[in-house]
Protein chains: 2
Amino acid sequence: MRDVAALAGVSIKTVSRVINGVPSVAPPLRDKVQKAIEQLDFQPNLAASNLRRAGHRTGQIALLLEDLSNPFSATLNRAVEDVARAHDTLVFAGSVAEDPRREVELARAFTLRRADGLVIVPATADQSYLHSEVRVGTPLVFVDRPPRGLVADSVLSTNTEGAARAVGQLADHGHERIAYLGDYATIVTAAQRFRGYEQEMARRGLRIDPRTVRHDLNDTATAAAAVTELLALEEPPTALFTSQNLVTIGAVTALRDLGLRHRVAVAGFDDFPLADLLDPAVTVVAQDVRRIGATAARLLFERIEGGDALPPRECLIPTRLIPRGSGEIRPPRDPRRG
Amino acid sequence: MRDVAALAGVSIKTVSRVINGVPSVAPPLRDKVQKAIEQLDFQPNLAASNLRRAGHRTGQIALLLEDLSNPFSATLNRAVEDVARAHDTLVFAGSVAEDPRREVELARAFTLRRADGLVIVPATADQSYLHSEVRVGTPLVFVDRPPRGLVADSVLSTNTEGAARAVGQLADHGHERIAYLGDYATIVTAAQRFRGYEQEMARRGLRIDPRTVRHDLNDTATAAAAVTELLALEEPPTALFTSQNLVTIGAVTALRDLGLRHRVAVAGFDDFPLADLLDPAVTVVAQDVRRIGATAARLLFERIEGGDALPPRECLIPTRLIPRGSGEIRPPRDPRRG
DNA sequence: TTGAAAGCGGTACCAT
DNA sequence: ATGGTACCGCTTTCAA
């Protein structure tokens, strides 16, 4: 900037004025400065300017995701980006990969760079490591899982209700032996979905056979194996409720391999691409991921821009049943009942 | 930092030493400083330190993508992130959404924040707007499409060869009337894939019926409509080469709706999730997106860290045919030939 | 309208 | 081993 000022024969301050578009600069001077800027390929250093500038916004927010490459995270990322863009803000995103240490590391790297706020899909059991951020006043919004060990805004799906809705759909189509296949029960969302399953089964007076409840499935292979086992039982389930999309895909794969895809009903939690192209198309309870992301970003910017005095908020984003076929398969007539 | 120094009763410089882990600080002093830091929730400002620090690396790189939420971009993002992490670097990513203006805007926002380098999937026809970055010495790597209007590293897929391979697979299974369905021919990659199609058809002495060549398809709906039209021709194609994954999905959808999914062969460029679960499973030529991303990041860091004196490089990442069934469907016997 | 000087939060150099 | 001081690149305050 000094060089630009020298080349243009003006003071450094005038250059600053030109860059910031302050109107009180004489046009001829302005042109000279502009030319000098181009000639020297000068690019102002935003970090340096923010150092002195009031407000201390950096125009950067951070996003801690499970894995940038999975559809849930990627969609969330995009939704947050769109809102951020409207606030002239850039987004840093990082994959936590379910590694609590990585979450702490990333959060620190982002706060060191003075992100104006953080949106977090937590992988840690406890987020009290963020206490100093809260005290300093950095806005925090939690997504998908509520915060533990501190108070902050959160945006969650209606997991329990959604799971109940999926189970209800299966029951409405005549199923009584409905299996549960889900992720680690220690994950809050998985636990809520399991609760939805239990509640709906109870509400309808249906018995849960403990042999048809399978937790700890977290990839397609283990899910497929579990389904294969379940269907080898003496009294196999006639319908499956899968509580996460990888589990759903694994289940569908297993049914196809067993030649049972048109015999056993499936309703899954979480939509996934091409669910409608499969045969049968897969019935799911979908989360509105874009809306979750947009809401989280909105809450964040309200705190960044508005007062920080707002009370902590919890937004519940409704889930939606999308019947496509697999959940509407009816059970075989039970020969014993004739 | 001043406050920390005051509270600990030491000079500001000692605080700086503690933060940077300089060994020449007496342990008792170090502890006092640490305590003061915690008590005040002090977080050093990385931007400020980089201002004075030598080397002027910010530990941030930027990534300009089509759309954060599409699988190609998301996978690329993750691959770049993994390499960046090994270099203690954070990633800014932004969606260009095929809007040239947005690309320029984003690039500027990132360079203003002093990104150490840029990885770009260009949407613009000409990237000469980046000339000043090149002159300043900011490393640039182009992905998927080569740079125009400036020289820089690039990482590309073997589009022509891959397309030829897909067409070859169809021809190997007896097809002669092979249709081409692709994106805007103005897109470099689409043009290359079309060339691969033309070359392979010529090499095998197969005639291209101009009515079965359809460009400008860029979503599933237009692709599906095009397929429906093609199959209504008097002499419909017996196989389809689709040059992009949305086109492939559209084509598959149309064939299903027409009840022809087991009659008409399809080979697509670009893999997509669940391609193997469809019926028939879809034969594709897959790009190695993770490797593309990792390579791009590697080239970038070589320039960031090593000399900038390297000549511009172009890396070609091979594509791979994955036969899954749809491309191996044989043509119906032609009644006119008996 | 323009400029000089102080300062943002930190580091580098040189004394001590 | 510790501290003083100039300085990074830019904005702010205030004077000219």
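The sequence lines fix the lettering, A, B, ..., with proteins before strands; numbering per chain opens at 1.
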Enquirer: With a 4.0 Å cut-off on heavy atoms, is A/L29 in touch with a base, just the backbone sugar-phosphate, or nothing at all?
Expert: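 Sugar-phosphate, no base atom in range.
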Enquirer: Between D/dA1, D/dC10, C/dT2, which nucleotide gets closest to the side-chain atoms of A/S49?
Expert: D/dC10
Enquirer: Using a distance-only criterion (donor-acceptor N/O pair, under 3.5 Å, no hydrogens), is the base of C/dG10 paired with the side chain of B/R2?
Expert: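 Checked by distance alone, the answer is no.
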Enquirer: C/dT11 phosphate, OP1 or OP2: any side-chain N/O from B/S16 under 4.0 angstrom?
Expert: yes
Enquirer: B/M1 has a side chain; which of C/dG9, D/dT2, C/dT11 sits nearest to it?
Expert: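 Looking only at heavy atoms from C-beta outward on B/M1, the closest nucleotide is C/dT11.
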Enquirer: Whole Å only: how far is the CZ atom of B/R57 from the P atom of C/dT11?
Expert: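 My rounded result for the distance is 17 Å.
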Enquirer: If you find the nucleotide of DNA chain C closest to A/P23 and the one closest to A/I12, which residue's nucleotide is nearer the 5' end?
Expert: A/P23
Enquirer: Report yes if a side-chain nitrogen or oxygen of B/N20 is closer than 4.0 Å to either non-bridging phosphate oxygen (OP1 or OP2) of C/dT11; otherwise report no.
Expert: yes
Enquirer: Closest nucleotide of DNA chain D for B/A26 versus for B/R114: which of these residues is on the 5' side?
Expert: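 By nearest-heavy-atom nucleotide position, the 5'-most residue is B/A26.
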Enquirer: Between D/dA1 atom C1' and B/D31 atom CG, what is the distance in whole Å?
Expert: 16 Å
Enquirer: Just N and O in the side chain of A/N45: are any of them under 4.0 Å from OP1 or OP2 of D/dC8?
Expert: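 Answer is no, no contact under 4.0 Å.
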Enquirer: Would you indicate what A/V15 reaches in the nucleic acid, counting non-hydrogen atoms under 4.0 angstrom: base, sugar-phosphate, or nothing?
Expert: nothing
Enquirer: So, OP1 or OP2 of C/dT2: does either fall under 4.0 Å of a side-chain N or O from A/S11?
Expert: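 False: A/S11 side-chain N/O out of range (4.0 Å or more) of C/dT2 OP1/OP2.
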Enquirer: Just the rounded figure in Å: distance from C1' of D/dT2 to NZ of B/K32.
Expert: 13 Å
Enquirer: How many whole angstroms separate atom CG of B/L51 from atom C1' of D/dG9?
Expert: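 Taking CG of B/L51 and C1' of D/dG9, I get 5 Å after rounding.
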Enquirer: Nearest-Å distance, NZ (B/K13) to P (D/dA6)?
Expert: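 Rounding to the nearest Å, NZ of B/K13 and P of D/dA6 are 16 Å apart.
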Enquirer: Would you kindly give the CZ-to-C1' distance between B/R30 and D/dA1, to the nearest whole Å?
Expert: 14 Å
Enquirer: Distance check needed: D/dG9 C1' versus A/F42 CZ, whole Å only.
Expert: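 From A/F42 CZ to D/dG9 C1': 8 Å.
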Enquirer: Using atom types as modelled and distance alone, determine if a side-chain donor or acceptor of B/E81 lies under 3.5 Å from a backbone N or O of A/S95.
Expert: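 Yes; at least one donor-acceptor contact below 3.5 Å.
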Enquirer: So, does A/R113 use its side chain to make a donor-acceptor pair with the main chain of B/T58 at under 3.5 Å?
Expert: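 Checked: pair present.
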Enquirer: Within this structure, what is the CZ-to-P distance between B/R52 and C/dC14, rounded to whole angstrom?
Expert: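 In whole Å, C/dC14 P and B/R52 CZ are 11 Å from each other.
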Enquirer: Hey, does A/T14 reach any base, or is it just sugar-phosphate, or nothing, if we go heavy atoms under 4.0 Å?
Expert: sugar-phosphate
Enquirer: For A/R2, does the CZ atom sit with more than 12 other heavy atoms under 6.0 Å from it, leaving out its own atoms?
Expert: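 Incorrect, the count does not exceed 12.
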Enquirer: Any chance CZ of B/R148 has more than 12 other-residue heavy atoms, nucleotides or ligands included, within less than 6.0 Å?
Expert: no
Enquirer: Quick one: does A/Q192's side chain have a donor or acceptor within less than 3.5 Å of a partner on A/N159's backbone?
Expert: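 Such a contact is absent between A/Q192 side chain and A/N159 backbone.
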